[in-house]
Amino acid sequence: MSDPRILTVRPEPSEYAWTFGGAPPVARIVPGTVLDLFTEDCFAGNVRSEKDLVSEVCEFPFLNPQTGPFYVEGAEPGDTLAVHFVSIEPARDWAASTTVPLFGALTSTHSTASLQAPLPEVVWIWQLNRDRRTAQFSARDSGFEIALPMDPMHGTVGVAPANLEVRSALVPDAHGGNMDTPEMRAGVTCYLGVNVEGALLSLGDGHARQGEGETCGVAVECAMNTVVIVELLKGVATPWPRLESDTHIISTGSARPLEDAFRISQLDLIQWLVRDYGFSELDAYQFATQTVESPLANVCDTNYTCVAKLRKEWLPARETHRGMHARLRETAAVLPYGAAHRPSRS
C-alpha cells in the first residue's frame, strides 16, 4: 500500500465557509487523501468567557464556520463520498456553551412563537483536561462541579446540496450539514451522497461532548484538530447521510416535524438492509422494528435530525459500501495521529 497524501489546512479567520454550496473550494484533492484540519468552534472563537454573550460578540448569520470546501477529483452526482474520522481532538483547554434567546427545544422560538419571554443569555465555560479526557461542568448558580468524560465529535459535516442550492451551515438535510449527532466521532466512517461535481466537502462545529438531542441548542463547543481520510465510491448512491462504526450501521434523517426526521432515518435503514444485506422490504421492516436503536441527534436546528442504528453482530455476513470502512480503518491504524501529535491553538 502506498503512503496516502496528507494535506494540512489551518484556515485564517477570513478563509472559512459559512454555507454548503456557493463557496469556492480551498483545495482540490484526490481520493485517498488524508486531511489534517483545524476547525473553529461554532462561535468563530468569539465566546471565550462568561461575559461574552453571543448577541454581542457574534454576527448572525456568521455562525458555525466550516473548514473547506474540498473539491474531490472524480466525484460526480450518483457517487458517494466516504469520510473516515481518524482523530478528533480539542485544540484548546476550554470550550463554551450558552443559552440563546429564541433558540433551543424548551423555549419559544421564531417559528414556535408565543407570549412567553425569551430565556436569558447565560454562558458556561467548560475546562477541558486533554490528558484525563474530561470536560469540567461548573454550575453558575451553585457550587456543583463534575468532571464528565470527553466524547469529541463533529456536529457538522457535509457536501454541496443538489439543484444549485446554497444552505446555511446551521442547517442539516440530505447533504449532511449541521446534524449534531454524537455518533460522528473518531473511528466512524460517514457516507455522503455526491450532488455536484467535486462533492465540495466541508466540516466544522466540534463538540467536546453533547447529550442526545442537544436540548438547549448548544453543545460543549470547541475548536478541533481533526484528521479524516476522504475516499470515493463510484456509482454508489447514498440518498441520506449514513455512518458506519465497528459495531453499527447508522442512518440519519433531517426534517421538520420530528416524526418526518424519524421516518426518513428508519426508511433509509430499511433500504440499506434491502440493498446490501439481502432482506426483502417487509422482512427488513419487521427486523428493524425489533432491533433498531433510535437516538435523537438534535431537536433544535432549523431541521431536526434523528438517527437509526443497528448492531452489525445481528446482521448477515455481507459487505456494505464495498468494505470501505474496514479498509479505511486499516489505513488510519498506520497514520501518526493522536492526541500527542495535535498542536494547541489559543
If we ignore hydrogens and angles and just use 3.5 Å, is the side chain of Thr181 paired with the main-chain N or O of Met184 as donor and acceptor? no
Under 6.0 Å from the six-membered ring centre of Tyr277 and within 45° of its axis: does the NZ or CZ of Arg318 meet both? no
Sort and list the pairs that fulfil salt bridge (Lys or Arg N to Asp or Glu O under 4.0 Å) and have at least one residue in residues 156-165, not counting sequence neighbours. Glu165-Arg167
Which donor-acceptor pairs under 3.5 Å do side chains of residues 53-65 form with protein atoms, sequence neighbours excluded?
residue	atom	partner	partner atom	Å
Ser55	OG	Glu121	OE1	3.4
Ser55	OG	Glu121	OE2	2.4
Asn64	ND2	Thr156	OG1	3.2
Asn64	ND2	Ala169	O	2.7

May I ask you to decide whether Arg133 forms a salt bridge with Asp151, counting only side-chain N to carboxylate O separations under 4.0 Å? no
Say whether Ser114 and Ser108, considering side chains only, have a donor N or O and an acceptor N or O under 3.5 Å apart. yes
Taking the side chain as every heavy atom from C-beta outward, state whether Pro172 and Thr302 have any pair of such atoms under 4.5 Å apart. yes
Using every non-hydrogen atom in the two residues, find where Trp94 and Val47 come nearest and quote the distance to one decimal. CZ3-O, 3.3 Å
Does a side-chain heavy-atom distance below 4.5 Å link Asp52 with Val123? no
Is Arg92 salt-bridged to Glu40, cutoff N-O under 4.0 Å? yes
Looking only at side-chain N and O atoms, does Ser254 offer a donor or acceptor that is under 3.5 Å from a partner on Asn303? no
Should Val307 and Met153 be counted in the same cluster of Ile, Leu, Val, Met, Phe, Trp and Tyr side chains packed under 4.5 Å apart? no
Is any side-chain heavy atom of Pro161 closer than 4.5 Å to one of Phe20? yes
Check whether any side-chain heavy atom of Val9 sits under 4.5 Å from a side-chain heavy atom of Phe70, and report yes or no. yes
Under 4.0 Å between a side-chain nitrogen and a carboxylate oxygen: does that hold for Arg327 and Glu231? no
For Asn129 and Thr134, indicate whether the former's side chain and the latter's backbone hold a donor-acceptor pair under 3.5 Å. no
